[in-house]
K.L.:
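Have a look at this one before I ask anything.
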Amino acid sequence: MLNIKKALVPKAANQKHRDYIFQKKIYNFTIIFSQFFVLFALLVLWEWAARVGIINTFLTSQPTKVWNTILTLYENSTLFYHIRITILETGVSFILGTIIGTLIATILWWWKFLNKVMDPYLIILNSLPKVALGPLFIIIFGLGFKSIIAMALAISVISTTIIVLSGFTNVDNNYLKLVKTFGASKYTTFTKIILPASIPTIASALRVSLSLSWVGVVVGEFLTGRAGLGYLAIYGGQTYQMDLVITSVVLLAICSAISYQILVFAEKKIQKRYS
Amino acid sequence: MLNIKKALVPKAANQKHRDYIFQKKIYNFTIIFSQFFVLFALLVLWEWAARVGIINTFLTSQPTKVWNTILTLYENSTLFYHIRITILETGVSFILGTIIGTLIATILWWWKFLNKVMDPYLIILNSLPKVALGPLFIIIFGLGFKSIIAMALAISVISTTIIVLSGFTNVDNNYLKLVKTFGASKYTTFTKIILPASIPTIASALRVSLSLSWVGVVVGEFLTGRAGLGYLAIYGGQTYQMDLVITSVVLLAICSAISYQILVFAEKKIQKRYS
Amino acid sequence: GCKENDVESMPKVRVSEVIHSVFYAPQYVALHKGYFEDEGLDVELAIAWGADRGAAALLSNSADIALFGPEAAVYIAREQTDTKLVGFAQLTQKDGSFFLAREPMPEFEWTDVKGKTIIGGRPGGVPQMVQEYVLYHNDVVPHHDVEIIQNIDLGATAQAFENDVGDFVQLFEPGASIVENTGSGHVVASFGEAGGDIPYTVYHATDSYIEENPDIIQKFTNAIYRAQIWVDNHSAEEIAEVIQPSFAETDYDILVSSVERYKKQDTWSKDPILRKESLDKLQEICIFSEELDKKVPYEEIVKTKFAEEAVKSINID
Amino acid sequence: MAKVKIKNASVNYMGIKGITEAVKNINLNVNKGEFISIVGPSGCGKSTLLSLIAGLVKHTDGVVENTFLRSGYMFQQDLLLPWRTVFDNTILGLEVSKKSTEENKRYAEQLLMSMGLEDFINFYPSELSGGMRQRVALARTLVLKPDLLLLDEPFSALDYQTRLNMQQEVSLKLRTEGKTVILVTHDISEAIAMTDKVVILTKRPGQIIKTINIELKCQLEEPRSRRRASNFGKYFNEIWEVLDNA
Amino acid sequence: MAKVKIKNASVNYMGIKGITEAVKNINLNVNKGEFISIVGPSGCGKSTLLSLIAGLVKHTDGVVENTFLRSGYMFQQDLLLPWRTVFDNTILGLEVSKKSTEENKRYAEQLLMSMGLEDFINFYPSELSGGMRQRVALARTLVLKPDLLLLDEPFSALDYQTRLNMQQEVSLKLRTEGKTVILVTHDISEAIAMTDKVVILTKRPGQIIKTINIELKCQLEEPRSRRRASNFGKYFNEIWEVLDNA
Ligand SMILES: Nc1ncnc2c1ncn2[C@@H]1O[C@H](COP(=O)(O)OP(=O)(O)OP(=O)(O)O)[C@@H](O)[C@H]1O
Ligand SMILES: Nc1ncnc2c1ncn2[C@@H]1O[C@H](COP(=O)(O)OP(=O)(O)OP(=O)(O)O)[C@@H](O)[C@H]1O
Ligand SMILES: [Mg+2]
Ligand SMILES: [Mg+2]
C-alpha cells in the first residue's frame, strides 16, 4: 500500500502530505471515472433498450446505428465535408458577429445621445425572436451561405453589442478620472483605457456570441443549407432517416462543445493578463 | 422665456439650478422625441417604399397592411387568443424553467461530487443547439403544448442552472465562515445564507430565462403549434402571407419587450433589498 | 344510416395534420359541419408541420390518427417491421401543387423548361418526387436538362421566386393564388393533372390502434366520407364559407380561389378508398427518385375495409 | 489559571502543490479577563491563530486547549445580511444555533439599546453608517453570551474617525462585561490603545517573536485616555521596530 | 507669493433632485514648497477641493487661481492598468499627453530606479505588492514633472505597515525634490507626520473650521522621526477634538 502511494505520489513534503495528495488523486480519478461511466451507462442503456425493443429505433435510433452512420459518412468522405462547412459558417459568423457587435458598441459608447435613443430599440431587437425572420433573409441575401451567415448574425450581434457596451460603461470611473488629469482626448481614453479594460468583458461576450452563432448557423442551414450538419439533420428528417438526424445532433454537440472549450481556454489566458 | 422655464420647472433651488434642470428636461425630451421620430420615420419610409414600389409588398409587407392584419385578427377575435396562448406558454416555461434550474443548481451545490461529474455534460448541453432536437421532443412529448414547453425548457433550463449555480458558489465565503462560527448545518447555511444571498443572481438569471423562454416557445410553436404567435408566423410563412409573418413578429417583439421591462422593474426592487 | 352517438363519453381522437392547408378542405368541412360529432367523436387537431413528424407522432403514440402521404408508411415499412402504419382513408387523390412561370404561357409544354431553373421542394419529399417524375415523363431529364433548386425552406419558396430566383416555381395553394395576385407569376400547369391519380394524403393509424379501436376508425372514416360527398356537391364559395373559421388569418377571396382551383382539378377523393393502382404509382415515383428500391406490398400498409364499409352504409343524398 | 493553553502548536494548510505553514511553534496562554492583541505582517497567520483557538481549524502539531464555554467571532467586514433588519441580523446566531427563545430575543433588544441602536431596530443594514453596522455585528456576537471574544481586524474597514470612536466604545463595553478578548490588528496604535498585552508574529510561518506587556501611564482604562499616555509613543516605536525587523 | 489662491470659493453639484453643496466659502493660499494636509469627515468635500485646485471641477462662486505649471494627481487606488508593465504604466501620462520622448522615457526609468523598482520594470502590476504598486503610481505622476502634487488619500488602501513605510518614502522623495504638496487624508497621524499645516474641514458643505501649523520637536523632517516628537500627541488630540466637534 505504502509503495503504491509512493509510486503514485513521488513528490510530497511528508507522509501526511502524501496521504493528502493521494486522496485528492483518488477523488479526481473517481470523478473522471464517473464521468465516463455516466456516458457509457447511457449508451449501453440506449443500445439495450433499442435491442430489447423498449424504444422504437426508427424514432430514436441507437448507438451502434449512429456509429455506423458516422462510418458510412466517413467512407463517403462526406463526414468532414459537412463538418467543415458548418464550422466554416460558424467561424465566419462568430468573427463577424464579434467585430460588428464591438463596433456598434463603440459607436454607442462614443455617441451617448444615439445610445439613449437606441436603447429601447436594442431591447426590442434583443427580445425579438429572430428565427421568425428567416424568409426575409432569403429575400435580402439570397440562397445559401450569405443567408445562413445573416441568420447567425441576426441572432448573435445584438447580444454581443449589449454585453460589450455594458463592459465599456462599467469601466472603473477612476481610470477615466486618471487619464483626464493627463488631459486625454476621448479617442485616447477609448484606445488606452476603455477598450483594453473591456477585453475581459469582450472575452465573455465571445462565449455568448459563439453559442448563438452555432444556433444561428443551424437555423440558417435548416432554412437554406445545401450542406453542413444542420442540413444533414433536416435532410435526415425529410427522408425518414432518424439515424442521420441523431448523428448530426451528436456531431453538432461535439463540435460546439470543443469550440466552447477552446474559447474558455483562450479566455482564461486573456482574463489573467487583463484583470 | 423666463416664464416658460418657471412653468416647466416649478421647483428649483435658484436660477442656475432652474437652468440646469430645464436643460436636462430639454435633453430628455429630445431623446424621447428622437425615439418616436426614428420609429415614425422607419414606418413612413417603409410605407412609402412599398407604395412607390421600391420594395415588393409581397415580400416585405407594409405598415398599413400589418395594421390591417392586426385589425382583422382583432375582429375575428383571434388576436388576443393567439397572444394569450403564447404568453401562457411562455409564462409556464419561464416559471418552470426558473424553478427547475434553481432546483438542479441546489442539488449540484449540495452534492459537490455530482457537480464535478456533471460539469462537462452541462457544458455540452449548454452549447448544444437545442433547436436541432425538435423532432425528438415530438416523439417524446407528442404534438402540442407539452412539446412546446419541453422545447422552451430545453433551451432555458441549462443556462438558468449555470447562472444560479455560479450565484450559489460566488456567495462571499466570509458569510459561510460566519455561520460556521454559529455551528450552522449545511441545510441552515443554504436556507439562511446561500439562497437569499443569491436572490440578486437568480433575479438576473430570470432575465436570461425569460428571453430564452420566448425563443423556446416560438421555436416550439414552429415545431408543433396549433395556435399562438409563433404558429401564426409559421402558418403565414407556409401560406406565403408575409403580412401575417411580419404582424406576428411585431406582436412577438412587443410582448417580449413588455415582459422584459416588467422583469427589469421587479429585478430592481429585488436588487435593492438583497444587496 | 348513422350509428347512435353517445354524447356522455365521446371518445377523444387525437388527429394530426401535416400542415394546415386548404388542400385538406374536406377535413375542415367534417369538423365545422359537425360530422365528427354526429359520429360521436371528439376530434382534437394538431399540426405536425411535416409528414415525417406526423409519422413520428403516430409511432410515439402522441396522435391516434395522422394525415400524411403514404410514402411515409412505405419508408417506415422499409425501415422496420415492429410497428406498422396503416392507411385507412384517403383524403386527396392528386398532387396539390402548381407550376408557375414568370409570364403567362397558354401554350405551355413541359419541354419549355429545358435550360431553365426551377425552385423545387426538399429532396425526398413527395412534391419534389412528383415534379421529377412528371418532368421525366415529359421528356425533360431532371437536374440534367433543367436546374432544380432544392435548398429552400418550404415557407420561403414563393418569396425566393418573387425575389427573382429561378424561372419556374412549384407552389401549393394559397401560395399559387397569392403569387398570381401579385402578378409576378402565372400558373402554367398543375402537377395534380400531370401526375395523375396518386394517394397524396391519407389518414393513417398504427395497426395496433386500428385493431383495438375499429369503431373509432369506422366512425372517423364515415365522417370523412360524408364530408367528401358534401364537398363534391357544393360550390367553392360554399366550401370556403364553411372552412373559413379554420383559416381566420386568410383572406376570404384567396380562400375561394384556392378552393376553386383544387376543386376544378378533382383534388379531393370522391370516396376514402385507397386503391392499389394509385399506391403502385406512388411507389413507382419513389423508386424513380431512388428513394425506394422495391415496392412494399399494398396489403401491408393499407386497409380498405373501413372505407368500403363507409361507402356501403352511407347513401348519397 | 489559563483557560486557553497553546503549546508548540503549528498549523499547516495542505495543497496539491505543497504545504503552507501558516503558524508554527506557537506557545500562548490566555487567562480569563485578559485583553490580548496579535500583530504581524499580512499573511503571517493571525487569522489562522484565531481560527485555531475557536476550533475552526485543526492544529497539525502540538497541543491546543480551550476551556472557555463559548467563543464569539467578529470579522473585518460586518457581514450583516442585507435582506434582514438590524434585529433579525442580531438574532441570526440565535436562530442558527436554535436558541431564539423569547428571553434571548429580549436580551438582543437590550443589547441593541445599550449600543444606542434602539431607533434602528427595524432598519436595514444599507440604511446604517459603517460604525452602526459594526455595532450591530458586535451585538450579534454578544447575544450568544460568549466568554471569549475573537476580534479579527474588526475596525479596519471603517474610516479613521469612526474607527477611533468604535475602538473606544467596544473596548468600554467588553471591559465592563468582563469578557476575555483576543484582538488581531495591523494597527499598532489600536493594539496599544485597546489591549494589555501585544503578541508580535514574524512573517509566515508566523512564530511569536516577542510579547510586550503594555503598562500605560493613564487615568482610565479606555483607548482615548490610553492614547494620551506619555509612554504611548515609546510602546509604538518598540513594536514598530520589532515588526520592521521581523 | 501664494501660487494657489482661493477666495470665498464654493462648489455645488447640480442634480435633478437638488443641489449638493460640496464645499463652501473656502479661503486658502498655498505657497511654493508648502506641505499642506486637508482632513475632515467623509463626504465633506475634500476630493472636490483637490479637483477644484487641479481645475477638474469649476467653482460656483468665488475666485480660484492656480499658477503652478502643472499639477499631478495621486489617488487612493493605484489605478495601474493590469495589461501594462510597470514601465508602460509609468509612461502612460507621457503617452497620453504626447510627450513620450526618449529623454522622458529615460527619466521614467531613473525614477523607477530611484524607488528601488529597477528589477520590476517589466513586471505586471499583479506581480507586485501593494506598496510597490503605489510607488509605481507615484512614479507615473512624477514623470510628468508636476510642481504641485495633489494626493487624495494615497495610502489608505495599503495595510498598516506598508502605509507607514510609504509615508516615509514618499515624504522624503517629495521634500528632496522640492515639490509643493496638498495631501487629503482621514488619518490624523498621517497628516501630522507628513505635512506642516493641517486644514480641517467641517461636515458637508465643507468649510474650513481651523488651520493648524505643525511645529514638531524633532531632528529630521521625515515622518518616522516626526512621529517620535514629544508634542505629536498634543497635535493629535487638538485635531481630534476639532474634528470630533465639527
Ligand atoms: N484555507 C486555506 N488553505 C490554504 N492556505 C490558507 C488558507 N487560509 C489561509 N491560508 C494561507 O495561510 C497564510 C496565513 O493566512 P491568514 O489568513 O491566517 O493570515 P493573516 O495574518 O490573517 O493575513 P491578513 O493580514 O491578510 O489577514 C496565508 O499565506 C494564506 O495564504
Ligand atoms: N460628480 C458629483 N456629482 C454630484 N455630487 C457629487 C459629485 N462628486 C461628489 N459629490 C458629492 O459631494 C460631496 C463631497 O464629495 P467628495 O468626494 O469631495 O467628498 P470627500 O470628502 O472626498 O469624501 P471621502 O472622504 O468619501 O473621500 C459628497 O456628498 C458627494 O456625494
Ligand atoms: Mg486575516
Ligand atoms: Mg474623497
K.L.:
Within the 4.5 Å heavy-atom criterion, are B/Asp172 and D/Leu79 side-chain neighbours or not?
P.N.:
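Yes - at least one pair of side-chain heavy atoms lies under 4.5 Å apart.
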K.L.:
If I take atom CG from residue D/Leu92 and atom OG1 from residue B/Thr188, how far apart are they, to the nearest 0.5 angstrom?
P.N.:
10.0 Å
K.L.:
Check whether more than 12 heavy atoms from other residues, nucleotides or ligands sit under 6.0 Å from atom CH2 of B/Trp111, and answer yes or no.
P.N.:
no
K.L.:
Are more than 12 heavy atoms, taken from residues, nucleotides or ligands other than B/Phe33, located less than 6.0 Å from that residue's CZ atom?
P.N.:
no
K.L.:
Do B/Phe182 and D/Lys99 come within less than 4.5 Å of each other through their side chains, counting heavy atoms only?
P.N.:
no
K.L.:
Under 4.5 Å from any heavy atom of chain B, what part of D/Thr141 do you find: side chain, backbone, both or neither?
P.N.:
neither
K.L.:
Kindly check if the number of other-residue, nucleotide or ligand heavy atoms within 6.0 Å of NZ (D/Lys173) is above 12?
P.N.:
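Yes, the 6.0 Å shell around NZ holds more than 12 heavy atoms from other groups.
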K.L.:
Distance from B/Thr191 atom OG1 to D/Glu95 atom CD, nearest 0.5 Å?
P.N.:
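Output value for this atom pair is 9.5 Å.
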K.L.:
Please check if atom OH in B/Tyr27 has more than 12 non-hydrogen atoms from other residues, nucleotides or ligands closer than 6.0 Å.
P.N.:
yes
K.L.:
State, yes or no, whether a side-chain contact exists between D/Phe75 and B/Thr181 at a heavy-atom distance under 4.5 Å.
P.N.:
yes
K.L.:
For the atom pair CG (B/Leu178) and CG (D/Leu81), what is the distance rounded to the nearest 0.5 Å?
P.N.:
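The CG atom of D/Leu81 is 7.5 Å from CG of B/Leu178, to the nearest 0.5 Å.
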K.L.:
Is it the case that atom NZ in D/Lys17 sees more than 12 heavy atoms from other parts of the structure closer than 6.0 Å?
P.N.:
no
K.L.:
Check the surroundings of atom NZ in D/Lys3: do more than 12 heavy atoms from other residues, nucleotides or ligands lie under 6.0 Å from it?
P.N.:
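Buried by this count: over 12 neighbours within 6.0 Å.
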K.L.:
Drop me the distance from B/Ile270's CD1 to D/Trp83's CH2, to the nearest 0.5 angstrom.
P.N.:
13.5 Å
K.L.:
Enter the distance from D/Leu56:CG to B/Lys177:NZ here, rounded to the nearest 0.5 Å.
P.N.:
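Answer rounded to 0.5 Å: 7.0 Å.
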K.L.:
What part of D/Arg84 gets within 4.5 angstrom of chain B, counting heavy atoms only: side chain, backbone, both, or neither?
P.N.:
side chain
K.L.:
Measure across B/Ala184 and D/Val96 and return the closest heavy-atom pair with its distance rounded to 0.1 Å.
P.N.:
CB-CG1, 3.3 Å
K.L.:
What part of B/Ile199 lies closer than 4.5 angstrom to a heavy atom of chain D: side chain, backbone, both or neither?
P.N.:
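Nothing of B/Ile199, per the 4.5 Å heavy-atom cut-off to chain D.
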K.L.:
Less than 4.5 Å apart, any side-chain heavy atom of D/Gln76 and any of B/Asn174?
P.N.:
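Heavy-atom side-chain distance check fails, nothing below 4.5 Å.
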K.L.:
Taking everything shown except B/Phe37 itself, do over 12 heavy atoms lie less than 6.0 Å from its CZ?
P.N.:
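Counting other residues, nucleotides and ligands, CZ of B/Phe37 stays at 12 neighbours or fewer.
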